[in-house]
Amino acid sequence: MPIDPTQPYDDANIFAKILRGEIPSKTVYEDDWAFAFEDINPQAEVHTLVIPKGRYVSWDDFSAKASDAEIAGFVRAVGKVARMKGLVEPGYRLLANIGAHGGQEVPHLHVHIFGGEPLGPMIARR
């Protein structure tokens, strides 16, 4: 169910539970700013999620409230994960869903990294 990204952060969301170790995940990368893990329902050969460790509902929330260090650390982590996965040369896609129209389902900012195969059009054709 799509979420409203203007609502306060919900500590009961699944990614908060993953960060706290309450729900297991297949860790890909972790540093002071970000945590990356494999999606449990992959939509491409490579489908990895990268989340900030801070309590941010969406990209909008993060870009408005995160410190410069958090933003830089998170963006660098996304790039590092893509390089670790060997995706730079063949190419990959980043996706961050925001709000109902964007299809956001978890109220914690997350970036999907898709790759390992041709991904087709960016959005469904009308």
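Remember, predicted model here, so these are calculated numbers, not experimental data.
In this structure, Ala44 and Gly115 approach most closely via the heavy-atom pair CB-O, 4.0 Å.
To the nearest 0.5 Å, atoms CG (Leu119) and CD (Gln43) are separated by 11.5 Å. Atom CG of residue Asp61 and atom CD1 of residue Ile98 lie 11.0 Å apart, to the nearest 0.5 angstrom. Distance check, rounded to the nearest 0.5 Å: CG of Leu19 to CD1 of Ile14 gives 11.5 Å.
Remark: side-chain polar atoms of Lys53 are paired, donor with acceptor, to backbone N or O of Asp31 under 3.5 angstrom.
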Legend entry - side chain to side chain contact (heavy atoms under 4.5 Å, CB included) evaluation trace for Leu109 with Ser58: CA-CA 4 Å; Leu109 169 62; Ser58 67; 5.6 Å; no

Legend entry - Stepwise side chain to side chain contact (heavy atoms under 4.5 Å, CB included) test for Glu22 and Ile18: CA-CA 6 Å; Glu22 296 169 8; Ile18 288 171; over 6 Å; no

Inset, instruction - Take Val111 and Thr48 through the test side chain to side chain contact (heavy atoms under 4.5 Å, CB included) and record every step on the way to the result. - result: CA-CA 8 Å; Val111 172; Thr48 303; over 6 Å; no

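Other residues, nucleotides and ligands contribute only 12 or fewer heavy atoms inside 6.0 Å of the CD atom of Glu89. More than 12 heavy atoms of other shown residues, nucleotides or ligands fall within 6.0 angstrom of atom CD1 in Ile23.
No single ILVMFWY cluster, assembled from side-chain heavy atoms under 4.5 Å apart, contains both Leu95 and Trp59. The same ILVMFWY cluster, assembled from side-chain heavy atoms under 4.5 Å apart, contains both Val78 and Val46. In the hydrophobic clustering of ILVMFWY residues, with side-chain heavy atoms under 4.5 Å counting as a link, Tyr29 and Ile113 come out together.
Note: Phe62 and Phe74 have perpendicular aromatic rings, judged against thresholds of 30 and 60 degrees for the angle between ring planes. In this structure, His112 and His47 have tilted ring planes: the angle between them lies in the 30° to 60° band.
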Distance-only criterion, 3.5 Å: show the donor-acceptor pairs between side-chain atoms of residues 81-88 and protein atoms not counting sequence neighbours.
from, atom 1, to, atom 2, distance (Å)
Arg83, NH1, Gly79, O, 3.3
Lys85, NZ, Glu38, OE2, 2.3

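Side chains of Val50 and Phe37 form no contact here, defined as non-hydrogen atoms less than 4.5 Å apart.
The only option from Lys65, His108, Glu70 that meets the side-chain hydrogen bond (donor to acceptor under 3.5 Å, both in side chains) definition with Tyr56 turns out to be Glu70.
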